[in-house]
Amino acid sequence: MAKWLVKTEPSECSIDDFARDPGTAIPWDGVRNYQARNFLKEMAEGDEVFIYHSSCKHIGIAGIVRVTRSAYPDPKQFETNSPYHDPKSNPDTPRWQAVDMQFEEKLPTLISLDQLKSLTGLEELPLVRKGSRLSVMPVSDDQWRLILAQVE
DNA sequence: GCCAACGTTGGC
DNA sequence: GCCAACGTTGGC
């Protein structure tokens, strides 16, 4: 099972939005970056995903969700009144993909960005790299364990 | 709100 | 294919 991390602004979609209705999957859509999209495509049902809260008061990893549906064409790219509308995409060859994710757990305490930056062994994670804006990234098993060890 | 870093666009 | 201009991201 592969592991991942996705960034989100909690005002858009937070771990609490997942926790509110733990039995219901939420579409992860609106990704409009090719590298991030390519990782989305690699996600498989059952994969675990860290939810990282960005651009907010408490920046860091807040919880874990699970992929319940692998990549499918993001419907919002075709909705003309959506902020995620992409006039250059067409239904025959959809440019953007979405996946569905469902609540798994909220971490007992948030793992802050400062904390993540201080960990030896996370240097290769794009999240902590200067200037990196990648919003969907793979997390190795070692990185995953190291991060989770911060709250155990 | 600022601004550095980055990705995308489009003229050439 | 180059690269300047532009828009966006995201920590501070």
Side-chain angles (χ1 to χ4, degrees), chain A residues 2-20 25-43 47-67 70-140 142-151:
Chain A
K3 293 176 169 45
W4 308 92
L5 180 145
V6 295
K7 293 184 192 173
T8 176
E9 300 189 14
S11 58
E12 295 295 319
C13 181
S14 75
I15 191 66
D16 292 320
D17 293 321
F18 282 98
R20 192 167 302 122
I26 296 178
W28 200 263
D29 53 25
V31 171
R32 294 294 179 268
N33 167 280
Y34 289 103
Q35 200 183 353
R37 178 206 62 185
N38 292 343
F39 286 132
L40 267 192
K41 281 185 179 174
E42 292 179 27
M43 288 186 181
D47 284 0
E48 287 183 297
V49 183
F50 279 136
I51 295 291
Y52 172 87
H53 288 172
S54 69
S55 299
C56 60
K57 184 90 177 279
H58 302 292
I59 298 167
I61 295 175
I64 299 171
V65 296
R66 194 177 290 276
V67 177
S70 60
Y72 59 93
D74 181 347
K76 290 191 177 164
Q77 66 195 308
F78 305 123
E79 297 172 8
T80 50
N81 54 356
S82 167
Y84 298 118
H85 178 235
D86 183 352
K88 292 180 184 168
S89 185
N90 76 80
D92 295 332
T93 54
R95 181 177 296 191
W96 306 111
Q97 303 285 117
V99 301
D100 290 352
M101 297 180 181
Q102 190 170 326
F103 183 70
E104 191 73 19
E105 65 173 287
K106 183 172 178 175
L107 297 183
T109 58
L110 178 119
I111 306 173
S112 71
L113 178 58
D114 278 349
Q115 222 173 328
L116 293 166
K117 281 180 176 168
S118 75
L119 291 179
T120 304
L122 275 198
E123 295 83 1
E124 298 304 313
L125 190 67
L127 183 76
V128 300
R129 301 196 72 122
K130 181 177 161 68
S132 171
R133 301 180 345 191
L134 187 61
S135 62
V136 178
M137 67 192 75
V139 178
S140 73
D142 285 347
Q143 290 168 337
W144 185 273
R145 272 193 296 273
L146 180 60
I147 292 168
L148 266 191
Q150 302 310 300
V151 291

- prompt: Per the side chain to side chain contact (heavy atoms under 4.5 Å, CB included) rule, which among A/Val49, A/Leu146, A/Leu122, A/Leu5 passes with A/Val139?
  reply: A/Leu5

Whole angstrom value for the distance that separates [atom2] of [N] from [atom1] of [X]:
X: A/Tyr84; N: C/dT9; atom1: OH; atom2: C1'; result: 13 Å
X: A/Glu12; N: C/dG10; atom1: CD; atom2: P; result: 12 Å
X: A/Arg37; N: B/dT8; atom1: CZ; atom2: P; result: 10 Å
X: A/Asp86; N: B/dT9; atom1: CG; atom2: C1'; result: 13 Å
X: A/Trp96; N: B/dG7; atom1: CH2; atom2: P; result: 13 Å
X: A/Arg133; N: B/dA5; atom1: CZ; atom2: C1'; result: 7 Å
X: A/Glu9; N: C/dG10; atom1: CD; atom2: P; result: 7 Å
X: A/Ile59; N: C/dG10; atom1: CD1; atom2: P; result: 11 Å

I want to check one thing: is the phosphate of [N], taken as OP1 and OP2, less than 4.0 Å away from some side-chain N or O of [X]?
X: A/Tyr52; N: C/dT9; result: no
X: A/Lys130; N: B/dA5; result: yes
X: A/Lys7; N: C/dT9; result: no

Between [Y] and [X], does any NZ, NE, NH1 or NH2 come within less than 4.0 Å of an OD or OE carboxylate oxygen?
X: A/Lys106; Y: A/Asp16; result: yes
X: A/Arg129; Y: A/Glu124; result: yes
X: A/Arg95; Y: A/Asp86; result: yes
X: A/Arg20; Y: A/Asp17; result: yes

field: From C/dG7, B/dG10, C/dG11, nucleotide with atom closest to A/Ser55 side chain
entry: C/dG11

field: Residue pair A/His85 / A/Pro87, side-chain heavy-atom distance below 4.5 Å
entry: yes

- prompt: Do A/Asp100 and A/Trp28 have a side chain donor and acceptor closer than 3.5 Å?
  reply: no

task: Please work out which residues in residues 109-127 of chain A have a non-hydrogen atom less than 4.0 Å from an atom of DNA chain C and list them by number.
output: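 Residues of residues 109-127 of chain A that come under 4.0 Å of DNA chain C are, in numerical order, A/Leu113, A/Lys117.
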
message: Give the residues of residues 26-36 of chain A touching DNA chain C, defined as any heavy atom closer than 4.0 Å, sorted by residue number.
response: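 Output list: empty, so none.
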
query: Would the number of heavy atoms belonging to other residues, nucleotides or ligands and lying under 6.0 Å from NZ of A/Lys3 be above 12?
result: yes

query: Centres of the A/Trp96 and A/Phe78 rings: under 6.0 Å?
result: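 Between A/Trp96 and A/Phe78, the centre distance exceeds or equals 6.0 Å.
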
